[in-house]
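Got a structure for you, questions after.
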Amino acid sequence: GELKHDDLVNICELGQGNGGIVWKYCTFTNIDDHWCNWCQWFWNSLSPKKGIYLEVKPAVKNQIVRELKVLDRCNSPYIVGFYGTFAAEGQINICMEYMDGGSLDLILKKVMRIPEHILGKITVAVLRGLSYLREHHRIMHRDIKPSNILVNRQGEIKLCDFGVSAQLIDSTLQTFIGTRSYMSPERLEGAHYGIMSDIWSLGLSLVEMALGRYPIPPPSIEDIDRLFDVDPYGNQSRPEGYGCYKVLAIFELMEWIVNEAPPSLPQKHFSPEFCDLIDRCLKKSTTERADLNTLLHHPFYKRYATESDNPDVSLWIEQVYQKDQSLTNDNKNSQYGRS
Ligand SMILES: O=C(NOCCO)c1ccn2cncc2c1Nc1ccc(C2CC2)cc1F
Ligand SMILES: [Mg+2]
């Protein structure tokens, strides 16, 4: 039945999530299996997975909570489930589906790179998720990047942290500067931007996951060859080539994205279709860049759009877990990785 607040009396803090504290609610009853199972069920499905700390007036907070209620009508296999939101102690708490495979940036830390056939499934899920948000809610995502693409052990791939509340977007604009590095040239230049900006972010995210590192400034072909000489599931750390490349400061990075040629994938290690899709996502000019419908008819998309369930993704996630138990521990503390 309806959960009442006084059913949940003692809150035990379990650890830091990104952007806030993640806690587990416990009911005030005798400790027994039923209680533990219930609590486990609550933790896995209904407990707040994210708290966004906001120093804003209560009226603004209430508006954000109101706008987030739209998520009640957001139902798609490619969008992370939403169970409710509430304001408490200066933060907006968002209860959403628990994705036990974590986010793709966390996974990328555990494996050298993500194989092309898995990236194909990720591409299908992201394009279908973007399509759903546009067709049913007339919104773009605004923050496509590996940490906002979540997976579970069933092999499902879903989007989260998209811009459904305009007020929340306004209230958090300056705080997430780090995300700018996935922003399209037109958005970095302050020009008008829309869904085509999400397409750029998808392209950049796919190159990062294919190579195993953020692709700006682009690695040399020797760096990439060395990457492919190493077994992705081995225990070696990334080849030294990845250590010596210059990490640009955020503003240098933004200038590079606006002024230099976009990254691309070498046909030596990736299929021509994948390379072509990337090139069409990373056109700096929005008039040349592929739009959502074009990509939904692209050969690379069609190659992976067939099966509905993803047994290969599920198997691959298990491999990632087996390779590195520490992924499981990371997951308990910060399921959503970097904000
Ligand atoms: O969380 C966010 N950025 O992450 C930065 C902080 O780690 C943001 C940002 C702007 N937003 C504007 N409206 C919502 C959000 C939003 N959060 C959010 C959006 C959708 C869901 C769906 C249920 C899956 C969950 C969410 F938590
Ligand atoms: Mg996020």
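Since this is a predicted model, take the numbers as computed values, not measurements. Every number for a ligand or one of its atoms is a count from 1 in the order of the listing.
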F228 vs H269 aromatic rings, parallel, tilted or perpendicular, using cut-offs 30° and 60°?
parallel
With respect to the Mg ion (ligand 2), please indicate if N148 possesses an N, O or S atom at a distance under 2.8 Å.
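Checking N148: at least one N, O or S atom is under 2.8 Å.
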Would you check the N or O atoms of D143, main chain and side chain alike, for any that come under 3.5 Å of an N or O of ligand 1?
no
Per-atom contacts of ligand 1 with V164, taking only distances under 4.0 Å to non-hydrogen atoms:
12 (C), 13 (N), 14 (C)
Sole residue of L295, I278, I118, L206 in side-chain contact (heavy atoms from CB on, under 4.5 Å) with T123
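So the option named by the test is L206.
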Distance in Å, R187 CZ paired with S197 OG, rounded so as to fall on 0.5 Å steps:
5.5 Å
What atoms of ligand 1 come within less than 4.0 Å of a heavy atom belonging to S165?
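Near S165, meaning under 4.0 Å from one of its heavy atoms, ligand 1 has 12 (C), 13 (N).
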Numbering the atoms of ligand 1 from 1, which are under 4.0 Å from a heavy atom of V80?
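What qualifies from ligand 1 is 23 (C), 24 (C).
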At a non-hydrogen distance cut-off of under 4.0 Å, which region of I94 contacts ligand 1 (side chain, backbone, both, or neither)?
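The answer is the side chain.
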Check the pair Y98 / Y83 against ring-ring contact (aromatic ring centres under 6.0 Å, His included), numbers first and verdict last.
CA-CA 11 Å; Y98 176 64; Y83 300 127; over 10 Å; no
Please state which part of L68 comes within less than 4.0 Å of ligand 1, counting heavy atoms only: side chain, backbone, both or neither.
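For L68, only side-chain atoms sit under 4.0 Å from ligand 1.
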Need the atom name: nearest N/O/S atom of D161 to the Mg ion (ligand 2).
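Of all N, O or S atoms in D161, the Mg ion (ligand 2) lies closest to OD2.
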Give me the ring orientation class for H136 and Y132: parallel if the planes are under 30° apart, tilted from 30 to 60°, perpendicular past 60°.
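Rings of H136 and Y132: parallel, as their planes differ by under 30°.
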Hey, looking at atom 10 (C) of ligand 1, which of I52, L168, N148 has the closest heavy atom?
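That would be L168.
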Near K50, which atoms of ligand 1 are under 4.0 Å from a heavy atom of that residue?
1 (O), 2 (C), 3 (N), 4 (O), 5 (C), 6 (C), 7 (O), 27 (F)
Take atom CD of E135 as the centre, draw a 6.0 Å sphere, and report whether it contains more than 12 heavy atoms from other residues, nucleotides or ligands.
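Above 12, so yes.
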Donor-acceptor pair, side chain of R289 and main chain of K283, under 3.5 angstrom:
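Confirmed, R289 side chain pairs with K283 backbone.
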